[in-house]
There are 2 protein chains.
Amino acid sequence: MELAEAKQKFIESWGKLGSEWGINRTMAQVHALLLISPEALTTEEIMETLNISRGNANMNLRDLIGWGLIEKQHKAGERKEYFFADKDTWNIARQVAKERRKRELDPVLKVLDELSKVTGDSKDPEFRTFSKSITDINKLAKNVDKTLDTMLKAEESWFWGSLFKIFK
Amino acid sequence: MELAEAKQKFIESWGKLGSEWGINRTMAQVHALLLISPEALTTEEIMETLNISRGNANMNLRDLIGWGLIEKQHKAGERKEYFFADKDTWNIARQVAKERRKRELDPVLKVLDELSKVTGDSKDPEFRTFSKSITDINKLAKNVDKTLDTMLKAEESWFWGSLFKIFK
DNA sequence: TTAAACTTTCAAAACTTTTTGAAAGTTTAA
DNA sequence: TTAAACTTTCAAAAAGTTTTGAAAGTTTAA
């Protein structure tokens, strides 16, 4: 396979994976493009490579900055803004985990805590089933939360090293 | 909070979480409803409770069966089909992880393996950056894959117990 | 200042996904 | 058999999401 073709394929696959996990396909593609670019790129270059409009490019670049996955770069003597991606996959994974935890897991934990407080007749099967499910899900969610917390603080080598010890 | 209100809130939150993670909102809501129901429910009851059409209910029930999250139940002397959800959160988590791995992670791993085979001029920064990114992502993806594999085989107590040992 | 170079915004259009509901299909009891 | 009770299908409609592109806004050099 040619390098050019391989690049295309990577951008496509990354976009598809993103959309399956609830991330805007174009945003994932822009990220993929920057991931494999040795140099920072301009909005113009991104628009051209991915065949997207200026507005679209701008909006997704801003979102990627919001996710902490890319940064702006200023080149001396140039007016244009350049964008480049953090290339460290461990940082990327941590950053995504961090943002999704904040945006999605945290609110759910809050609701679950509220819902665990609901009281009722412990003879009522409706209440008992509700209560048990909420409690169980709450426990799982808290465990996930705690694990993410450790992961976010961890160094890559320590993290995988530790998992390796457990998982043979 | 009333039990009825709490149920509503749970169904809503579960649906929202699902849609943020790329799972059809209605499917997640049907799942939530069955999770907190002590008894198996008919399509009719689900349609009424969630205010959805017969076609929609049927399609999402089938999908949930496909995900291994709910099952059909036949009641002696009854024509109707009843549906009930596995209430064990650990099983649910495993089942979801298993399906998403199969549907989404596996294909990406396949593409990454292909892309790691691309050869090129190691003096070319374009090639070097591409190559390094693919290799790194491939490594991370394989680690995730291996960890999921262990998790899928594990018993809940063993799994969390082991994590606990690492994560203080 | 001014105007060129650039970035951001946002309403409308395009596209994607989900939902509906009526028709077709299936199963069962008699 | 038949027909009632039920489930499944699927094309069209509705809802939701993303993209466009022109206009407005901002920054900078001179």
Side-chain angles (χ1 to χ4, degrees), chain A residues 11-12 14-34 40-67 69-84 100 103-104, chain B residues 11-12 14-34 40-67 69-84 100 103-104:
Chain A
I11 290 170
E12 219 173 83
W14 207 237
K16 186 152 178 263
L17 184 68
S19 72
E20 285 164 342
W21 287 86
I23 285 158
N24 176 334
R25 212 187 81 239
T26 304
M27 175 169 144
Q29 288 184 336
V30 172
H31 186 225
L33 173 59
L34 290 174
L41 303 178
T42 61
T43 303
E44 211 79 27
E45 291 169 310
I46 293 164
M47 284 164 60
E48 260 174 48
T49 313
L50 302 179
N51 273 293
I52 59 175
S53 70
R54 186 173 299 283
N56 197 7
N58 182 267
M59 162 165 271
N60 282 301
L61 285 167
R62 270 188 304 119
D63 282 358
L64 281 167
I65 291 172
W67 278 74
L69 294 174
I70 69 171
E71 285 178 39
K72 284 188 184 177
Q73 192 173 69
H74 285 284
K75 294 208 175 176
E78 292 235 37
R79 284 285 273 295
K80 270 182 288 218
E81 284 179 329
Y82 286 77
F83 299 92
F84 74 99
R100 298 207 82 154
R103 295 174 194 208
E104 289 134 30
Chain B
I11 290 170
E12 218 172 83
W14 207 237
K16 185 151 177 263
L17 185 67
S19 72
E20 284 164 341
W21 286 87
I23 284 158
N24 177 332
R25 209 186 84 239
T26 304
M27 177 169 141
Q29 288 183 335
V30 172
H31 185 224
L33 173 60
L34 290 174
L41 302 179
T42 62
T43 302
E44 211 79 28
E45 292 169 309
I46 293 164
M47 285 164 59
E48 260 174 49
T49 313
L50 301 179
N51 273 294
I52 58 175
S53 70
R54 185 172 299 284
N56 197 7
N58 183 268
M59 161 165 273
N60 282 301
L61 285 166
R62 271 188 304 121
D63 281 357
L64 280 167
I65 291 172
W67 277 75
L69 294 174
I70 68 170
E71 284 178 41
K72 284 187 184 178
Q73 191 174 69
H74 286 284
K75 295 207 174 175
E78 291 234 37
R79 283 285 272 297
K80 271 181 286 218
E81 285 178 328
Y82 287 77
F83 300 90
F84 73 100
R100 298 207 81 154
R103 296 174 195 207
E104 289 135 30

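Letters go in sequence order (proteins before strands), and every chain restarts at 1.
- Annotation for A:Arg100 and A:Trp21: closest pair NH1-O, 2.6 Å, computed over non-hydrogen atoms.
- The separation between A:Asn24 atom CG and D:dG16 atom C1' is 13 Å, rounded to whole Å.
- Between the C1' atom of D:dT19 and the CG atom of A:Leu50 lies a distance of 13 Å, rounded to the nearest Å.
- Rounding to the nearest 0.5 Å places CD1 of A:Ile11 at 9.0 Å from CG of A:Leu34.
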Under the rule of Watson-Crick or G-U wobble with both distances under 3.5 Å, where | means paired to another strand and [ ] a crossing pair, DNA chain C maps to ||||||||||||||||||||||||||||||
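- When the C1' atom of D:dA4 is taken as reference, atom NZ of B:Lys80 falls 13 Å away, rounded to whole Å.
- Regarding A:Tyr82, its OH atom lies at a distance of 10 Å from the P atom of C:dT7, rounded to whole Å.
- For the pair B:Ile23 CD1 and D:dG16 C1', the interatomic distance rounds to 18 Å; values are reported in whole Å.
- The line from CG of B:Asn51 to CD of B:Gln29 is 10.5 Å long, rounded to the nearest 0.5 Å.
- Dashed line: the shortest gap from a side-chain N or O of B:Thr26 to OP1 or OP2 of C:dT19 is under 4.0 Å.
- For the pair A:Glu45 and A:Thr42, the tightest heavy-atom approach, listed with the atom from each and the gap, is OE1-N, 2.8 Å.
- Rounded to the nearest 0.5 Å, atoms CD1 (B:Ile70) and CG (B:Asn60) are 9.0 Å apart.
- Straight-line distance from the CD1 atom of A:Ile46 to the P atom of C:dT7: 10 Å, rounded to whole Å.
- The aromatic rings of A:Trp14 and A:His31 sit tilted relative to each other, their planes meeting at an angle between 30° and 60°.
- Residues from residues 52-64 of chain B placing a heavy atom under 4.0 Å of any atom in DNA chain D, listed by number, are B:Arg54, B:Gly55, B:Asn58, B:Arg62.
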Taking N or O atoms only and anything under 3.5 Å, show me the protein contacts with nucleotides 26-30 of chain C, one pair per line.
from	atom 1	to	atom 2	distance (Å)
C:dT27	O2	B:Arg79	NH2	3.2

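- A distance of 11.5 Å separates CG of B:Leu41 from NZ of B:Lys80, quoted to the nearest 0.5 Å.
- Look at A:Glu12 and A:Lys16 and you find no salt bridge, because none of the NZ, NE, NH1 or NH2 atoms lies under 4.0 Å from a carboxylate O.
- When side chains are defined from C-beta on, B:Phe83 does not count as touching B:Gln73, because their heavy atoms never get closer than 4.5 Å.
- At whole-Å resolution of the value, CD in A:Glu78 and P in C:dT7 are 11 Å apart.
- Atom pair A:Met47:CE and C:dC6:P shows a separation of 13 Å (rounding to whole Å applied).
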